[in-house]
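The block underneath contains the structure these notes are about, expressed in structure tokens.
Residue numbers start from 1 in every chain, and the chains themselves are labelled A, B, ... in the order their sequence lines are given, proteins ahead of strands. Just so it is clear, the structure is predicted and the values come from calculations on it, not from any experiment.
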Amino acid sequence: MLKNITLGQYFPGNSLIHRLDPRTKLLATIALIAIVFVAQGFSGFLLLAGFVVACAASTGIHLKFLVRGLKPLMFIILFTFILNLFFQTGGTVLISIWIIRITSNGLRMAGFMAARLILLVLSSQLLTLTTSPIALTDGLETLFRPLQVIGFPAHEIAMMMSIALRFIPTLMDEADKIMKAQKARGADFETGGLIARAKAMVPLLVPLFVGAFRRAEELALAMDARCYRGGKGRTRMKQLKFQGIDGLAALVIAALLAAVILLNRLNLF
Amino acid sequence: MRDKIIQAQNVSFQYEDGAAPAVDDITFTVDRGEFLAVLGRNGSGKSTLAKLLNALLLPTAGELTVDGLRAVTEDDCYEVRKSCGMVFQNPDNQIVTTIVEEDCAFGLENLGTPPEEIRWRVKAALSDVGMSEYAEASPSMLSGGQKQRVAVAGVLAMRPKIIVFDESTAMLDPIGRRDIFAIAQRLNKEEGITVVWITHFMEEAALADRVIVMDAGKIALEGTPKQVFSQTDRVLALGLDVPGMMKLADRLRKAGLPLKEGVMTVNEMVVELCRLK
Ligand SMILES: Nc1ncnc2c1ncn2[C@@H]1O[C@H](COP(=O)(O)OP(=O)(O)O)[C@@H](O)[C@H]1O
Ligand SMILES: [Mg+2]
């Protein structure tokens, strides 16, 4: 039961996008999100969708994984679509039944918002599918490092994230073991209503938490023993380095922005 | 006289005011390059002593000098930790990162070592413990013994003069246990690293240069393994066992065989028995 919880959704690979510096990927994703907001017509959206799909295809990751990220947000996307469809006014009336009126403006706006949301999700999917959580953490730490002068705890947050990543599999294993031990004593985690199942989790969570605190204490000691004293004066073995492909990525993003602006001007559709 | 790398003079440590001291007024020294085993029942103060050596705890009384340093200020503590590394009991709770080589680099990163130097020192440390091929692996995929080797490499990369192993083999299977002990022995013999080996296994202690037995925060027995284990009754009274061969020799002696004192290993037993024939 616990085995199918995966961490993040990273797909290891060696494609061009996989090999980009995590900082490049983070910045490019932010830029892509901004470009999605710059686009003012479906021609722009079509171009962006084509770009995201082409990027995904180039990584060798199956499109279904890209699309899978939409599932949890389907409700929100549908909700905004319907809201816009029914409540936008203006343009020619297409359908009018009882008090419901669907106008051409409404339809356009609804499609517009849905396309935007879908593109936002797909862009961030592309980032998390091609970047390991630890690389993301490193990238975020380096990007936020300048903010440390105003007291932003970039190093501490990154350290916390990476320790969490390190210990999630360990704690999963432990939860699995405790669960088996409780099951052997007749505990039942699978049947009954929501409340009954939640109650059954208590004898699982208590030892898990106690164990986690003990681990945390020992880990802190082990870190102290290896001279850990926060981010000050600390170096890293793996230095993030921008390479040729990172410059190329910047150019591609710039070209994409230019194309979207051009499409806005042309006002095709 | 040999160079004393650790000197403890009337060292005590109390976790809380009024509580019984966990380490109680102990005085001892460790030679540079020595392999010292520390024995004692649970709660006898072994781990507390280990943490004192590593400046994770500071003595509440007495004087402790480690590699010429007395930890007073926080900076001293880091110096002490640099020259006295520590490998703990639970391999899962001392690995910090999600990649083996990054974990080995952790200590050096904390010291602000330049990236290039970290790179080759980590490489050397991993090959020293035979884990080179796992450099990019995730620790959660390794066996307990392999994790413990990674932990040793992490300490080794910092080039300590002393390594304290606090029951580092207690949670391992027999193969992992033998591995880690062999690595500690090799580091001691070949690289001259002083080893303080805290353990529950008498067979390991029997192979040390010297043994200290702790009881209730004090040193109850001290000497070479032969000197210590030949006092079978006292060792048993301290809640410990003696190595199997020693017990056998004791019983044979009681049964009337004139075995000489201090037979500890199977080899020595064989030699003794052949001599009698
Ligand atoms: N963090 C702590 N706080 C208070 N007392 C402690 C702590 N750690 C250990 N002790 C006490 O100190 C004594 C020695 O413990 P320890 O050094 O862990 O012994 P050993 O490693 O030989 O089992 C024990 O009585 C123990 O209860
Ligand atoms: Mg202990």
Tell me which of these, B:Gly112, B:Cys84, B:Pro160, B:Ala55, has more heavy-atom pairs under 4.5 Å with chain A than the rest. B:Gly112
Do A:Arg226 and B:Asp103 meet the salt-bridge criterion of a basic N to acidic O distance under 4.0 Å? yes
Out of B:Asn54, B:Leu111, B:Thr97, B:Val155, return the one with the most heavy atom pairs under 4.5 angstrom to chain A. B:Thr97
Chain B: which of A:Met223, A:Arg214, A:Lys232 shares the most heavy-atom pairs with it under 4.5 Å? A:Met223
Interface moiety of A:Gln239 toward chain B, non-hydrogen atoms closer than 4.5 Å: side chain
Top of B:Glu102, B:Glu117, B:Glu116, B:Met86 for chain A proximity - count of heavy-atom pairs under 4.5 angstrom: B:Glu102
Are there over 12 heavy-atom neighbours, none belonging to B:Lys161, within less than 6.0 Å of that residue's NZ? no
Other residues, nucleotides, ligands: >12 heavy atoms within 6.0 Å of A:Ile33 CD1: yes
B:Val122 versus chain A, heavy atoms under 4.5 Å apart: side chain, backbone, both or neither? side chain
Which residue in the set B:Glu136, B:Glu101, B:Glu109 passes salt bridge (charged side-chain N to carboxylate O under 4.0 Å, His left out) when paired with A:Lys238? B:Glu101
Of all of A:Glu217, A:Met237, A:Arg236, which one pairs up most often with chain B through heavy atoms under 4.5 Å apart? A:Met237
CD1 (B:Ile99) and CG (A:Leu165) are apart, to the nearest 0.5 Å, by 10.5 Å
Tell me, for B:Tyr78 versus chain A, whether the close heavy atoms (under 4.5 Å) come from the side chain, the backbone, both or neither. both
Does A:Phe209 CZ have over 12 foreign heavy atoms under 6.0 Å away? no
Over all atoms of both residues, closest heavy-atom pair of B:Ile95 and A:Leu219: O-CD1, 3.8 Å
A:Met159 versus B:Phe106, closest heavy-atom pair with distance: CE-CE1, 3.8 Å
Using a cut-off of 6.0 Å, state whether more than 12 heavy atoms not belonging to A:Leu194 lie near its atom CG. no
Taking side chain as C-beta onward, heavy atoms only, is B:Asp92 less than 4.5 Å from A:Arg166? yes
Give the intermediate values and the outcome of side chain to side chain contact (heavy atoms under 4.5 Å, CB included) for residues A:Asp224 and B:Lys51. CA-CA 11 Å; A:Asp224 273 343; B:Lys51 287 172 199 158; over 6 Å; no
Rounded to the nearest 0.5 Å, what's the gap from CE on A:Met172 to OG on B:Ser140? Could you check? 11.5 Å
Between A:Thr170 and chain B, with a heavy-atom cut-off of 4.5 Å, which part of the residue counts as in contact: side chain, backbone, both or neither? side chain
Rounded distance (nearest 0.5 Å) linking atom OG1 of A:Thr235 with atom CD1 of B:Ile118: 3.5 Å
